[in-house]
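Any value given below was found using the heavy atoms of this structure, including those in side chains, with hydrogens, waters and symmetry copies removed. Residue numbers begin at 1 in each chain, while the letters A, B, ... track the order of the sequences.
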Amino acid sequence: MSFDNAYEALIDGHEDAHWAFGTGFSEALAGVDREVPAVDRADLTAYCLMLGDDALIMSQRLAEWCSRAPELEEDVALANIALDLLGQARLLLTRAGEVEGAGRDEDALAYLRDERDFRNVHLAEIECGPFAGGDFGTTTARLLVFSSWKVAQYSRLRASADPVLAAVAEKGLKELAYHRDHAAQWVVRLGDGTEESHRRMQAGLERVWPFLAELFTAHAVELRLAGVAVDPAELRSEVDGVLDAVLAAGGLTRPTDVPAARVNGLAGRDGVHTEAFGYLLAEMQHLHRSLPGATW
Amino acid sequence: MDLEAQFERTVAAEQRVEPRDWMPDGYRKTLIRQIAQHAHSEIIGMQPEGNWISRAPSLRRKAILLAKVQDEAGHGLYLYAATETLGADRGELTEKLISGRQKYSSIFNYPTLSYADVGVIGWLVDGAAICNQVPLCRTSYGPYARAMIRICKEESFHQRQGYELLLTMMSGTDAQRAMVQESVNRWWWPSLMMFGPPDAESSNTEQSMKWRIKRNTNDELRQKFVDMTVPQARKLGVTLPDPELKWNPERGHHDFGQPDWDEFWQVVGGNGPTNKQRVEHRRKAHEDGEWVRAAAAAHAAKHTAREGVA
Amino acid sequence: MSSSWPLWEVFVRGKRGLNHVHVGSLHAPDAEMAVRNARDVYTRRNEGVSIWVVPAAAITASSPDEKDPFFEPSGDKVYRHPTFYEIPEDVPHL
């Protein structure tokens, strides 16, 4: 097959690896040392779940936009971001299962845990459109905050004493930086565009802002895993700097920080979630749970 | 030289027609309609499979499905771009789709009711689409042919992945095998309808064949699809729901029964199981996105104005 | 369609040592978004190492055939690509 075009790689290459973006899973961490560092295994498992659940649930929410984006190009872009996050989630949940040592794989962890065992932050799970809870502006606000926070977290996680977490962070950081950039581009355009878009973008920021504080609140597990985990409290000033710069470029006002109250001091990292989360899990897990013993 | 004669000579010689070449009005209009319908089909086709992304039964399947539906958005995009080289406008074509003035492939007016449908759509529906589309890689209009090369390549991945999902399910539990068979039963006849009505009842074929924007008749392609699919079904271990289906050694092809053409015309006419839902979904996405598109355009205009001042 | 975005032509360098070639077009509000959209739409399988985007309206093209006296007024700015692509005979059926 001899034709000089830009798709040579697509036509010649190892087809399975790139036939679907983000599905070349088994090779993503080829050659990475899988040694488990000498820390408490339950803590490390929990930490891997925190990171993996953040990515999984954010991906699940973003994928809701599929066939519903404002323009076809944006449909493709949001699906790319969802696929990147899903790829990260799979690596992280696999690591959680490996460290736990109880024989649970990524699917057992994604589909057979109950709500109380999920450790993602609320920001990832709340409804921000296209259905209830917001619109494209709200989704953009969440994506900006989430990816700015994750960039700060992953850039530190690259130095983790867990070689797998360090490798996931190395790979994921490039993706997240792109997600942050994509969100920032939109925040600026919506903030600056029309009166309506400015109003909606500002409303989107107001909607997600109460969930910021949780991102920077350390859980006991994170504090116990010094050298392996990142202390989220350290991320605050970096993330604030990014958010302030983007908001200023879009002529938007930083909402007042009024953190959403916790439940008896607990939140997502403790497995205490929002009401919307139960529905998300019901939908995500229903088929897998309906056919026990099936292979997919 | 007479422009029309030159055009016809170009086409007859299997040369490509390019956007700025002279072309008969009928050729341009027919192409815009055909490519737009194809683009609409890709975009509407995101919905039946997209219906299962949130419920995909494993994370690997979720990634595969999301990537596939994303590819369909890409295909629609390439095809709308091809219509724009003919002077059409994507926004106007979208308006025609959501106001019901332009059609899309009727297969997408059938509902997806189980996860096996994701596999069966990949195997049968994408398989039928490939039969229809591979000849279009050699269609006379250059931008369309080039778009089709990439689309066919990606569709062949889709078909393989669909088939692989079904193979996996067939090696699973009894409940999974039953799910696959039930899905095949529902999708077989609609898949045969994808090639359009029998040649005797098909109106546009002759001129389109002459213009090389259609390369085979409906019945030829349908036969090819059946011949291709029977051994795949056997390998999979499913039964195709057609008692008349059998090998005819004299013809060197399979004989097979006729789909319910009354149902076909009902669905084409707008009375299919999900016609209204599909168009409404697309209309809502388009209208909900208007303020976003307007904002980006306004920002770009301001930006240009500001740079002009500086 | 007051808010429809302009058309951009996309060129991708498939790998080092090759020219950028025209791969298609897309809509975007401005150049920055166009190049990002191009990455997502045309190189999501890592087909390229470099992307150019050009407003379709900025391209001036010669007529493909000197005997060609007229064409659609809107057509004279549409990028027309030379035949970079041959059609593979063996596009697989499965």
Side-chain angles (χ1 to χ4, degrees), chain A residues 3 5 7 10-11 15 19-23 25 56 59-60 63-64 66-76 79-80 82-83 86-87 89-90 93 106-107 110-111 130 135-137 186 188-190 192-194 196-198 200-201 280 283-288 291-296, chain B residues 43 46-47 50 52-74 76-77 80 90 115 146 149-150 153-154 157-158 160-161 165 168-169 171-173 175-176 179 281-282 284-286 288-300 302-303:
Chain A
F3 59 104
N5 78 18
Y7 304 129
L10 173 64
I11 286 153
E15 292 173 348
W19 86 271
F21 200 82
T23 56
F25 172 54
L56 176 64
S59 173
Q60 179 82 1
E64 292 173 351
C66 192
S67 80
R68 297 182 176 89
E71 190 52 284
L72 294 181
E73 285 83 353
E74 189 59 24
D75 223 305
V76 175
N80 267 349
L83 280 166
L86 182 53
R90 296 177 61 192
L93 293 182
E106 58 176 47
D107 288 330
Y111 291 98
D135 56 15
F136 185 72
W186 271 117
V188 170
R189 279 163 184 73
L190 298 179
D192 178 65
T194 63
E196 182 184 9
S197 72
H198 182 89
R200 285 174 178 262
M201 190 63 237
L280 182 151
E283 184 173 341
M284 185 175 89
Q285 297 182 334
H286 143 260
L287 174 57
H288 185 97
L291 292 172
T295 43
W296 300 100
Chain B
I43 298 308
M46 295 170 73
Q47 293 177 37
W52 285 92
I53 292 171
S54 66
R55 295 176 287 170
S58 75
L59 297 186
R60 175 168 170 270
R61 291 293 169 199
K62 191 189 288 287
I64 288 170
L65 182 58
L66 182 53
K68 182 187 170 183
V69 178
Q70 179 197 40
D71 275 350
E72 284 158 9
L77 213 146
Y80 284 127
R90 193 207 289 179
Y115 205 78
R146 292 192 285 273
I149 292 172
R150 178 161 187 175
K153 186 67 199 175
E154 293 182 346
F157 291 136
H158 297 172
R160 259 177 274 183
Q161 288 296 326
L165 168 60
T168 306
M169 290 182 72
S171 70
T173 62
Q176 285 183 291
M179 193 185 267
H281 179 120
R282 182 71 193 113
K284 184 171 186 329
H286 186 68
D288 286 354
E290 173 59 24
W291 69 273
V292 177
R293 297 191 299 276
H299 171 77
K302 287 189 213 174
H303 197 65

Asker: When rounded to the nearest 0.5 angstrom, what distance separates CD1 in B:I53 from OG in A:S67?
Answerer: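 The CD1 atom of B:I53 sits 7.5 Å away from the OG atom of A:S67.
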Asker: Of all of A:L72, A:T194, A:L287, A:D75, which one pairs up most often with chain B through heavy atoms under 4.5 Å apart?
Answerer: A:L72
Asker: Looking at chain A, which one of B:S58, B:A296, B:G289, B:A73 has the largest number of heavy-atom pairs inside 4.5 Å, strictly under?
Answerer: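 Looking at each option in turn, the highest pair count goes to B:S58.
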Asker: Would you mind checking which part of A:A110 comes under 4.5 Å of any heavy atom in chain B, side chain (CB onward), backbone (N, CA, C, O), both or neither?
Answerer: side chain
Asker: Between B:R90 and A:E71, does any NZ, NE, NH1 or NH2 come within less than 4.0 Å of an OD or OE carboxylate oxygen?
Answerer: yes
Asker: Do you know the tightest heavy-atom contact between A:W296 and B:R60?
Answerer: O-NH1, 4.4 Å
Asker: Examine whether an atom of A:Q285 lies under 4.5 Å from a heavy atom of chain B, and if so say whether it belongs to the side chain, the backbone or both; otherwise answer neither.
Answerer: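 Neither part; nothing is under 4.5 Å.
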Asker: Distance from A:H286 atom NE2 to B:S54 atom OG, nearest 0.5 Å?
Answerer: 10.5 Å
Asker: Can you say whether B:R61 sits under 4.5 Å from chain A via the side chain, the backbone, both, or neither, judging by heavy atoms?
Answerer: side chain
Asker: What part of A:L280 is in contact with chain B, defined as an atom under 4.5 angstrom from a non-hydrogen atom: side chain, backbone, both or neither?
Answerer: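 No part of A:L280 comes within 4.5 Å of chain B.
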Asker: Between A:A69 and chain B, which part of the residue has a heavy atom less than 4.5 Å away: side chain, backbone, both or neither?
Answerer: backbone
Asker: Relative to chain B, which segment of A:E283 carries a heavy atom at a distance below 4.5 Å: side chain, backbone, both, or neither?
Answerer: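 Contact with chain B involves both backbone and side-chain atoms of A:E283.
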Asker: Where does A:Y111 contact chain B at under 4.5 Å (heavy atoms): side chain, backbone, both or neither?
Answerer: side chain
Asker: Give me the atom names and distance for the closest heavy-atom approach of A:L190 to B:A295.
Answerer: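 Result for this residue pair: CD2-CB, 3.8 Å.
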Asker: Using a 6.0 Å cut-off, check whether atom NZ of B:K302 has over 12 heavy atoms from anything other than its own residue.
Answerer: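 Buried by this count: over 12 neighbours within 6.0 Å.
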Asker: List the residues meeting salt bridge (charged side-chain N to carboxylate O under 4.0 Å, His left out) with A:R189, not counting sequence neighbours, and say none if there are none.
Answerer: C:D30, C:E32
Asker: For the CD atom of A:Q60 and the CG atom of B:L59, what is their distance to the nearest 0.5 Å?
Answerer: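 It comes to 9.5 Å.
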Asker: Let's go through A:D135 and B:V292 carefully: what are the C-alpha distance in whole Å and the side-chain angles of both, what is the deciding distance for side chain to side chain contact (heavy atoms under 4.5 Å, CB included) to 0.1 Å, and is it a yes or a no?
Answerer: CA-CA 10 Å; A:D135 56 15; B:V292 177; over 6 Å; no
Asker: Can you see which heavy atom on A:R90 is nearest to which on B:A63, and at what distance?
Answerer: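 In this case the closest contact between A:R90 and B:A63 is NH1-CB, 4.2 Å.
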Asker: Nearest heavy-atom pair of B:L66 and A:A82: which atoms, and what distance?
Answerer: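 Scanning both residues, the minimum pair turns out to be CD2-CB, 3.7 Å.
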Asker: Roughly how far apart are A:H288 NE2 and B:Y115 OH, rounded to 0.5 Å?
Answerer: 13.0 Å
Asker: Give the member of B:K284, B:M46, B:H281, B:M169 that has the highest number of heavy-atom pairs under 4.5 Å with chain A.
Answerer: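 Heavy-atom pair counts peak at B:H281.
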Asker: Give the member of B:A285, B:S171, B:P57, B:G50 that has the highest number of heavy-atom pairs under 4.5 Å with chain A.
Answerer: B:P57
Asker: Working to the nearest 0.5 Å, report the span between NE2 of B:H299 and NE2 of A:H198.
Answerer: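 The NE2 atom of B:H299 sits 14.0 Å away from the NE2 atom of A:H198.
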Asker: What is the distance from atom CD of B:Q47 to atom CZ of A:R68, rounded to the nearest 0.5 Å?
Answerer: 7.5 Å
Asker: Kindly determine whether A:T295 and B:Q176 satisfy side chain to side chain contact (heavy atoms under 4.5 Å, CB included), including the steps that lead there.
Answerer: CA-CA 9 Å; A:T295 43; B:Q176 285 183 291; 3.9 Å; yes
Asker: If you count heavy-atom pairs within less than 4.5 Å of chain A, which of B:L77, B:T173, B:T168 leads?
Answerer: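 Between B:L77, B:T173, B:T168, the count favours B:L77.
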